[in-house]
Amino acid sequence: MYSDPHAGHYEEIPHDWKDPRTPVIIEGAQYYKDLYHWYDDGNVVLIVQDNAFRVYQGILIKRSQVMGDMFSIPQPTITDGAKDCVPDGQPSFEGVPVVKLDDKAKYFHLLLNAILPRDCERLPISEDMWPTDLMGITQTAKKYEFESVATRAMNVLEKILPTMKQPMTSINSRYKSYNMDLYVRIINWARICGLPQFLAIPFYQLATEEWEDASSWSLEAFQTLSPQDQLRVNRVRVRDETRRTALESRD
């Protein structure tokens with residue numbers, strides 16, 4: 001579950017592994033109840049990929065104006081002592097509205113961990129997390145304007161990813177020695193989130209590292225950079241190669 005082929009790391013899944021989530025039929029389609037954030041008394045169901053979160057509108061609205069705007073639809077009302085009902089045309093489940101979101105289920109789950117923590121001993125956002133997970137939380141939190149969550153995740157990332165203030169931080173501490181995919185992902189993420197402090201070092205790595213060990217998948221990942229960013233990298237690589245050739249010819 002929460003599959004993400006570009007997450008930067010992979011876990012071995014046993015052949016006999018079974019999805020621990022409980023299936024649920026909503027509006028004629030099968031989804032799976034989130035393991036932690038399905039509250040039977042929740043008053044809204046959020047569908048993210050194949051994951052269903054039943055949560056509380058009030059808590060989300062209090063933290064996010066975007067959520068408030070999204071939920072500004074006629075709310076369920078009690079009629080004749082029956083269950084809540086929703087307006088005609090509004091998808092619903094057991095009398096509560098259903099809203100589909102275009103996000104990654106894994107990162108939305110992690111976002112909810114920060115908003116609705118279930119473990120008082122373990123911080124929902126910490127340096128123990130994978131950088132790509134923290135990046136996903138930051139991007140999702142910024143999208144919905146959960147500012148405190150986005151700020152917390154960004155502050156942790158500034159400690160574990162290299163920036164101009166701390167360029168010597170190892171970008172590969174949890175990865176293999178060369179990871180073009182990760183550099184590309186950081187650049188694209190920083191562009192989307194408007195976080196320029198994270199751009200310089202990945203650009204430098206892409207422009208100066210040897211690409212001999214890069215896989216075809218990594219080279220394809222490079223193509224996901226914007227044309228402008230690809231040009232920035234290639235200009236430096238061509239310039240350095242020209243200088244290297246000139247120096248070798250002198251010898």
Side-chain angles (χ1 to χ4, degrees), residues 2-12 102-104 106-107 110 125-143 147 149-251:
Y2 306 138
S3 61
D4 183 1
H6 303 294
H9 65 281
Y10 302 89
E11 297 180 358
E12 292 293 333
D102 185 19
D103 298 292
K104 295 286 187 183
K106 177 180 183 180
Y107 302 138
L110 293 173
I125 299 176
S126 70
E127 296 178 35
D128 294 332
M129 299 178 67
W130 288 87
T132 47
D133 287 346
L134 288 164
M135 289 159 59
I137 295 175
T138 303
Q139 184 172 335
T140 307
K142 287 179 74 67
K143 174 181 177 180
E147 297 299 343
V149 178
T151 298
R152 170 61 182 163
M154 184 180 66
N155 289 342
V156 174
L157 281 166
E158 287 182 333
K159 295 179 181 179
I160 64 177
L161 289 182
T163 63
M164 291 303 292
K165 291 183 179 180
Q166 48 179 30
M168 299 309 293
T169 300
S170 175
I171 200 171
N172 290 308
S173 58
R174 295 187 179 187
Y175 300 86
K176 60 185 181 180
S177 59
Y178 185 78
N179 196 318
M180 182 186 290
D181 306 37
L182 180 60
Y183 304 145
V184 168
R185 184 164 187 174
I186 292 173
I187 291 171
N188 286 333
W189 163 79
R191 292 290 195 204
I192 292 171
C193 294
L195 300 173
Q197 66 268 37
F198 294 99
L199 288 171
I201 304 303
F203 268 120
Y204 175 80
Q205 297 281 4
L206 286 176
T208 59
E209 295 245 13
E210 293 294 335
W211 287 13
E212 293 179 358
D213 296 332
S215 64
S216 59
W217 184 13
S218 294
L219 294 174
E220 289 176 7
F222 179 75
Q223 300 301 316
T224 67
L225 288 175
S226 70
Q228 294 84 356
D229 285 342
Q230 291 184 48
L231 182 60
R232 289 184 178 92
V233 172
N234 286 326
R235 278 177 175 171
V236 175
R237 296 187 69 83
V238 170
R239 182 197 65 193
D240 289 351
E241 181 62 28
T242 301
R243 289 178 178 175
R244 185 160 47 248
T245 302
L247 288 173
E248 290 174 354
S249 64
R250 291 179 186 176
D251 296 337

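The chain is numbered in sequence order, starting from 1.
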Decide yes or no for Arg185 and Asn188: does some side-chain heavy atom of the first lie under 4.5 Å from some side-chain heavy atom of the second? no

Is a side-chain N or O of Thr140 found less than 3.5 angstrom from the main chain of Ile137, in a donor-acceptor match? no

Shortest non-hydrogen pair, Thr138 vs Ala153, comes out as OG1-CB, 3.2 Å

Minimal heavy-atom distance between Pro131 and Leu157, with the atoms involved, is O-CD2, 3.8 Å

All heavy atoms of Lys143 vs all of Asp102, minimum pair found to be NZ-O, 3.0 Å

Closest heavy-atom pair, Leu161 versus Met135, reported as atoms and distance to 0.1 Å, is CD1-SD, 4.5 Å

* Check whether more than 12 heavy atoms from other residues, nucleotides or ligands sit under 6.0 Å from atom CZ of Phe203, and answer yes or no. => yes

Here the gap from Glu209 atom CD to Tyr183 atom OH, rounded to the nearest 0.5 Å, amounts to 4.5 Å

Heavy-atom closest pair (Arg237 atom, Leu206 atom, distance to 0.1 Å) is NH1-O, 2.8 Å

d(Leu182 CG, Gln205 CD) to nearest 0.5 Å is 10.0 Å

What one should report as the nearest heavy-atom pair of Lys142 and Cys193 is CE-O, 3.0 Å

Kindly say whether Met129 contributes a backbone atom to a donor-acceptor pair with the side chain of Asp133 at under 3.5 angstrom? no

* Asked: Taking C-beta and beyond as the side chain, do Lys159 and Asn155 meet within less than 4.5 Å on heavy atoms?
  -> no

Applying side chain to side chain donor-acceptor pair (under 3.5 Å) to Arg191 and not counting sequence neighbours gives Asp229

Across all chains, not counting sequence neighbours, the salt bridge (Lys or Arg N to Asp or Glu O under 4.0 Å) partners of Lys165 are none

In this structure, CG of Leu231 is separated from OG of Ser226 (nearest 0.5 Å) by 9.5 Å

So, does Arg235 use its side chain to make a donor-acceptor pair with the main chain of Gln230 at under 3.5 Å?
no

Is it true that a side-chain atom of Arg152 and a backbone atom of Ile125 form a donor plus acceptor pair closer than 3.5 Å?
-> yes

Between the NZ atom in Lys106 and the OG1 atom in Thr132, the distance rounded to the nearest 0.5 Å is 5.5 Å

Can you find a pair of side-chain heavy atoms, one from Ile187 and one from Phe198, that are under 4.5 Å apart? no

Distance col, row Ile201:CD1 vs Ile186:CD1, nearest 0.5 angstrom, shows 10.5 Å

Requested in this report: Could you check if a side-chain atom of Gln139 sits within less than 4.5 angstrom of a side-chain atom of Tyr107, using non-hydrogen atoms only?
Outcome: no

Checklist entry - Would you say the side-chain atoms of Ser218 and Asp181 include a donor-acceptor pair closer than 3.5 Å? => result yes

The reported gap from CG in Asn234 to CZ in Arg239 (rounded to nearest 0.5 angstrom) is 12.5 Å

